[in-house]
Amino acid sequence: MIGGLFIYNHKGEVLISRVYRDDIGRNAVDAFRVNVIHARQQVRSPVTNIARTSFFHVKRSNIWLAAVTKQNVNAAMVFEFLYKMCDVMTAYFGKISEENIKNNFVLIYELLDEILDFGYPQNSETGALKTFITQQGIKSQLQTKEEQSQITSQVTGQIGWRREGIKYRRNELFLDVLESVNLLMSPQGQVLSAHVSGRVVMKSYLSGMPECKFGMNDKIVIDKQGKGGTTDEAGKSELGGSSGKQSIAIDDCTFHQCVRLSKFDSERSISFIPPDGEYELMRYRTTKDIILPFRVIPLVREVGRTKLEVKVVIKSNFKPSLLAQKIEVRIPTPLNTSGVQVICMKGKAKYKASENAIVWKIKRMAGMKESQISAEIELLPTNDKKKWARPPISMNFEVPFAPSGLKVRYLKVFEPKLNYSDHDVIKWVRYIGRSGIYETRC
Amino acid sequence: MPAVSKGDGMRGLAVFISDIRNCKSKEAEIKRINKELANIRSKFKGDKALDGYSKKKYVCKLLFIFLLGHDIDFGHMEAVNLLSSNKYTEKQIGYLFISVLVNSNSDLIRLINNAIKNDLSSRNPTFMNLALHCIANVGSREMAEAFAADVPRILVAGDTMDSVKQSAALCLLRLNRTSPDLIPMGEWTSRVVHLLNDQHLGVVTAATSLIITLAQKNPDDFKTSVSLAVARLSRIVTSASTDLQDYTYYFVAAPWLSVKLLRLLQCYPPPEDAAIRGRLTECLETILNKAQEPPKSKKVQHSNAKNAVLFEAISLIIHHDSEPTLLVRACNQLGQFLQHRETNLRYLALESMCTLASSEFSHEAVKTHIETVINALKTERDVSVRQRAVDLLYAMCDRSNAKQIVAEMLSYLETADYSIREEIVLKVAILAEKYAVEYTWYVDTILNLIRIAGDYVSEEVWYRVIQIVINRDDVQGYAAKTVFEALQAPACHENLVKVGGYILGEFGNLIAGDPRSSPLIQFNLLHSKFHLCSVPTRALLLSAYVKFINLFPEVKGTIQEVLRSDSQLRNADVELQQRAVEYLRLSCIASTDILATVLEEMPPFPERESSILAKLKKKKGSGTVSDVEDTRKERNTNVNGSTDHTTATTNTKPSPSSFVSDLLAAAPPPTNRPRPVPSSSILHMPLSPLSPQAYAVHSAAPLTPFYQVTSSPSSDLLGLGNSSAVNSGSPPAASNAASLLVDVFSESLPVAPLGTASAPIIEENFSRFVCKNNGVLYENQLLQIGLKSEFRQNLGRMYVFYGNKTSTQFLNFSASVVCHEPLNAQLNVHTKTADPVVDGGAQLQQILNIECLSDFVEAPVLNINFRYGGSVQNIAVRLPVTLNKFFQPTEMMSQDFFQRWKQLSDPQQEVQKIFKAKHSMDTEITKAKIIGFGTALLDGVDPNPSNFVGAGVIHTKTIQVGCLLRLEPNTQAQMYRLTLRTSRGSVSQRLCDLLSEQF
């Protein structure tokens with residue numbers, strides 16, 4: 001289990017140090033600083049083993065979070081915990097920065113005491129934590145005894161992520177499908193690798209202890225229902241707009257702890273009692289039948305030793321009614337670039353010397369459109385015989401649909417004790433597709 | 001003035017550097033650098049003409065980026081352009097960039113060289129300096145090639161400025177270090193020497209550094225520098241501290257130059273010219289005097305500078321080793337430092353004193369500080385200083401203070417640092433042995449040593465004790481007693497058990513009379529340790545037990561019981577099991593007589609260099625230089641010209657006279673002295689039928705069958721290597737007699753003086769080997785050839801030892817045996833090829849296998865070729881392989897003898913010779929010679945008791961020739977009559993010739 005947790009600033013100074021087990025000595029703090037933060041060569045592995053002690057670190061802007069252990073722990077669990085820790089901290093005080101950490105260090109220690117016990121992760125649900133760890137000091141006067149006792153029963157009870165007696169005048173539900181699409185394409189347009197990793201994030205403002213049921217166009221479910229012939233119910237409550245493709249193949253998925261896994265295993269239905277507020281319902285990954293929102297067609301020509309001509313065409317490949325946003329194409333330039341001239345039809349393009357790249361930005365672009373940029377790069381002759389490695393052209397964008405083709409079919413809410421029904425709940429669904437590592441070789 | 005501020009400021013650079021410094025993260029820094037690089041690239045684009053200032057600024061930025069650890073792949077051209085600028089700052093930056101960044105295989109190197117050439121030939125001294133610095137900083141072979149001629153020219157040119165000369169000297173020094181082969185020695189060398197007379201002290205300092213290096217390479221070319229250096233030194237030393245202005249450092253006049261001059265003088269022997277010598281002595285005295293003066297400043301720099309000069313002066317005094325007064329003064333000065341507050345000074349003082357101790361003049365003076373040094377050993381906080389103190393104690397030890405020093409070192413050993421313990425142990429062991437006045441003290445000391453140091457006592461130490469105890473009758477009883485007492489302690493170190501086992505096994509009988517150490521008690525004491533010991537020690541103990549069976553028959557039962565127990569007879573270790581089985585059988589089967597022969601006391605060890613000393617030398621290796629002799633040797637090697645001088649003084653040093661000194665005499669020539677024939681060979685014989693395979697393994701080292709587990713590489717350290725070649729084949733009587741003969745001959749015949757190597761066959765010593773098998777066959781200044789041989793029937797084996805008497809290697813060494821017609825048909829000699837290299841002082845062994853096919857007259861010739869120094873040496877020696885070597889003695893009764901005598905009555909078969917005696921007619925010697933000749937000496941055959949009668953059979957592959965001889969001495973006339981009868985006339989003739997030469 002986790003023996004200790006340290007937070008460092010970019011200089012390697014310790015901001016937070018919490019040791020949970022005796023086998024972690026004080027020198028472990030220095031060992032990580034010397035061997036990882038101040039390492040002569042940048043340490044790429046997130047797990048470092050120094051003198052039989054394992055360090056798992058994540059970096060958030062300039063802040064290093066490191067979990068330390070001497071035991072053979074499940075590394076995935078440790079990282080999951082570290083990410084949760086980051087989420088919790090963000091939920092409490094916003095961006096993780098040195099300043100914020102310094103201002104909130106009492107709070108952070110309090111949180112660390114709560115979410116880890118003798119190195120074993122405990123409840124890290126922000127909503128639950130916020131009920132008893134507050135930034136405004138002790139609120140015992142305001143809280144009634146009942147409420148206090150409720151905290152205990154909730155935290156130790158079966159449904160630790162939701163307290164009882166929540167009441168909303170308007171029962172609302174927000175559902176976001178967030179996907180990031182990753183691609184590596186050859187210059188000829190052949191897909192070398194592509195996958196989508198997606199998340200379903202929910203914000204629920206529901207009264208009481210509602211039971212929810214979530215449905216999507218998962219291939220297995222659709223096929224099963226198709227065989228059974230009971231598609232009418234599913235068809236009735238479909239939320240999203242229907243498109244050509246009926247179902248998608250999900251490679252793997254993980255759920256929030258509130259989802260009843262036994263039910264998912266047996267019926268493949270996702271039913272749960274949601275936590276209050278924002279949370280991530282599920283995570284999934286698909287690799288088949290991915291809709292690639294953009295196609296990049298590069299054309300690079302070397303004119304002699306001192307000149308390079310680059311032409312890049314991008315094509316949007318989705319319904320013309322949809323608008324892609326925040327489009328950015330990054331064209332790497334050789335290291336001996338001495339000057340760049342750029343002409344582009346749309347948006348703005350600029351040579352950024354500090355990043356050794358031409359950055360082309362387009363604010364908005366509709367589907368089934370095409371745009372191009374051409375650049376002339378002047379080179380300085382060097383005595384280095386190394387050839388330019390031609391790194392791939394990368395792209396960033398945001399589109400209002402799910403590139404994996406996932407559709408939310410229904411989300412039903414049942415609250416047997418209170419008098420509101422599924423129809424009274426206002427539901428919002430949104431799809432956002434973002435670029436992950438979206439690269440085309442040139 | 002804006003222009004000036006622009007020229008000096010380089011604001012852009014300052015801004016860039018401060019930007020970099022302010023970067024929060026590595027990424028930010030890389031971004032900033034990328035941006036700057038892009039900017040510089042756009043500026044350096046071919047079409048724009050940049051002014052010198054911007055070029056300088058950008059090159060500076062590139063340099064800075066490079067120094068931050070980023071690759072720079074452009075800008076070289078701009079930097080080279082800067083070289084041709086006329087502005088100092090621009091030129092400087094250009095040179096800086098080039099010396100940091102340009103690699104030798106760049107295609108710009110020609111441009112650069114051109115620019116440097118221009119600067120060198122310019123009259124501007126600052127430009128010349130810059131160019132010289134660049135050459136020195138790059139220092140590549142290309143640079144050396146290009147400027148090997150220019151730099152010396154600048155150095156000695158009359159019109160060169162002082163500062164340029166200085167740079168040129170240092171530049172040349174650097175080039176000389178990197179590629180010495182490219183620097184031509186020419187007429188400039190003599191002029192360099194005269195730079196020592198230069199007005200400018202900076203030039204002198206630089207030139208001295210250069211001359212030191214050059215003088216180490218070609219000492220003869222720079223001999224003249226000695227007088228100049230002395231003159232310069234005396235001027236500096238006698239000058240008032242204010243005279244030298246800039247070159248006075250905290251009231252010390254030109255300390256660096258003084259140190260360098262003193263170093264330079266250490267390259268040469270003391271000057272022969274009395275005047276110069278006097279002046280130098282004066283200087284050194286002045287330096288020593290100055291050390292006594294109160295310090296002019298309290299600053300540490302003052303004392304550091306002063307002491308630096310002083311220590312260098314002292315090492316020069318030690319190097320010269322010729323002025324007793326100076327040496328003693330130096331020693332006293334160092335004595336003061338021994339108690340100085342500064343640890344470094346104490347360390348240096350101890351180190352210098354170590355070398356002083358080996359000088360005959362100052363040895364006594366060093367000894368006066370013994371108390372201080374011992375105190376340092378006890379109280380010093382720094383381990384390295386303690387180590388030096390140990391070294392010094394070792395160096396200053398002689399017979400007068402050995403007891404005290406050894407006692408102190410022993411007591412220190414208990415608290416010593418682990419890192420230096422082993423070394424101290426070796427040193428104590430050596431000192432105890434070297435300066436032992438009585439052996440009881442020696443034995444006590446070593447046993448104490450083993451008790452205290454335990455694990456740090458290496459094998460060699462206890463080998464040595466045993467070696468000495470065995471070789472010395474007078475100490476054996478005492479040793480046995482002491483060991484017995486030491487073993488009483490409840491916990492003994494294993495090494496002590498080993499010594500105890502060996503000594504009690506050999507000499508337990510000497511103390512058995514005392515009821516407190518009766519045989520049974522001795523045995524029980526040893527056996528109580530048995531189970532705690534490692535396998536080799538147990539093996540040794542088993543041998544000790546079987547020796548006990550011989551020494552004390554009364555404990556035989558007990559010991560047999562022990563040997564019979566399962567833990568021995570069925571021991572998992574093969575060695576132990578085998579020993580137990582064999583010893584048990586031996587004790588059961590063999591009669592007491594055989595036991596007594598087999599388990600006889602060990603023979604004395606041949607004497608050779610102490611193995612401990614060798615070990616200490618090895619341990620020192622090239623690492624810490626503290627062993628006195630080593631230090632001196634090392635100094636001598638890098639100080640040419642004076643080698644002869646110092647070795648001469650070392651030789652004249654009175655060798656430590658002690659009655660063990662012969663034990664330590666470095667590697668005595670193997671056969672010069674009477675070599676006792678170890679009766680271990682006798683031991684082999686009766687044992688071999690018991691288990692031939694066991695002893696076949698052991699036969700390499702005669703001691704091992706009894707006391708050592710096989711094939712331990714250190715077995716030879718006991719000094720037994722030589723005796724391994726003992727003629728195990730010949731019967732005991734013969735070998736004993738042979739040893740007797742060796743005695744006779746080596747005393748009566750002085751080694752004939754031999755000229756240098758020459759091609760003619762040398763046979764001076766040939767006749768000496770007719771009646772003996774071992775000895776020195778040949779010796780000259782370079783080489784000594786020793787022989788050991790053994791013959792059995794028609795086969796023989798000869799061990800030839802080539803001893804290199806010099807300190808240098810023999811290269812291409814080869815030795816071959818030539819048999820001329822008709823010998824090649826009569827004798828087969830098979831030579832094993834020898835190692836082509838013989839190290840200085842080492843000995844090489846070669847084995848010849850000889851087979852006698854039929855009787856022969858001539859003897860084979862041994863041809864030796866090798867390269868010593870530059871010349872090829874050829875030596876041809878006649879090998880003493882004679883017919884009588886293949887004799888097998890035959891005992892017979894008087895009756896038989898006369899019967900055979902009569903049978904051989906054919907006139908061809910008898911040869912008679914009457915000759916005058918060449919040596920005194922001593923009966924015993926004559927007897928020994930006849931036995932050595934190979935025949936059996938028959939008593940009571942001849943009616944006249946003063947006559948000698950012998951009989952034997954000569955074995956060849958084809959025939960066997962019976963042989964009878966009769967020697968009738970006539971003491972009045974000093975004549976002999978020798979009669980030989982054999983079945984073959986030729987054999988009779990040859991034997992008669994051979995034997996008659998012997999009397």
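In what follows, every heavy atom counts, from backbone to side chain, and hydrogens, waters and symmetry copies are set aside. Throughout, a chain's letter reflects where its sequence line sits, starting with A, and its residues are numbered from 1. Keep in mind it's a predicted model, so treat the numbers as computed, not measured.
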Next on the checklist: If you count heavy-atom pairs within less than 4.5 Å of chain A, which of B:N34, B:I30, B:N39 leads?
Outcome noted: B:N34
[atom1]-[atom2] distance between [X] and [Y], expressed to the nearest 0.5 angstrom:
{"X": "A:E355", "Y": "B:K35", "atom1": "CD", "atom2": "NZ", "result": "11.0 Å"}
{"X": "A:L380", "Y": "B:K43", "atom1": "CG", "atom2": "NZ", "result": "13.0 Å"}
{"X": "B:K24", "Y": "A:E98", "atom1": "NZ", "atom2": "CD", "result": "8.5 Å"}
{"X": "A:L379", "Y": "B:F74", "atom1": "CG", "atom2": "CZ", "result": "12.5 Å"}
{"X": "B:K26", "Y": "A:Q42", "atom1": "NZ", "atom2": "CD", "result": "8.0 Å"}
{"X": "A:T337", "Y": "B:L37", "atom1": "OG1", "atom2": "CG", "result": "11.0 Å"}

More than 12 heavy atoms of other residues, nucleotides or ligands under 6.0 Å from [atom1] of [X]: is that the case?
{"X": "A:R18", "atom1": "CZ", "value": "yes"}
{"X": "B:E145", "atom1": "CD", "value": "yes"}
{"X": "A:F105", "atom1": "CZ", "value": "no"}
{"X": "A:K11", "atom1": "NZ", "value": "no"}
{"X": "B:L67", "atom1": "CG", "value": "yes"}
{"X": "B:K87", "atom1": "NZ", "value": "no"}

Checklist outcome for this item: Residue from A:N62, A:N336, A:N356, A:T333 scoring the most non-hydrogen pairs under 4.5 Å with chain B is A:N336
Checklist entry - Of all heavy-atom pairs between A:A353 and B:A38, which one has the smallest distance, and what is that distance? => result CB-CB, 3.2 Å
Next on the checklist: For B:R41 versus A:S338, what's the shortest heavy-atom pair and its separation?
Outcome noted: O-CB, 3.5 Å
Item to check | With sequence neighbours excluded, residues passing side-chain hydrogen bond (donor to acceptor under 3.5 Å, both in side chains) with B:K57 | outcome: none
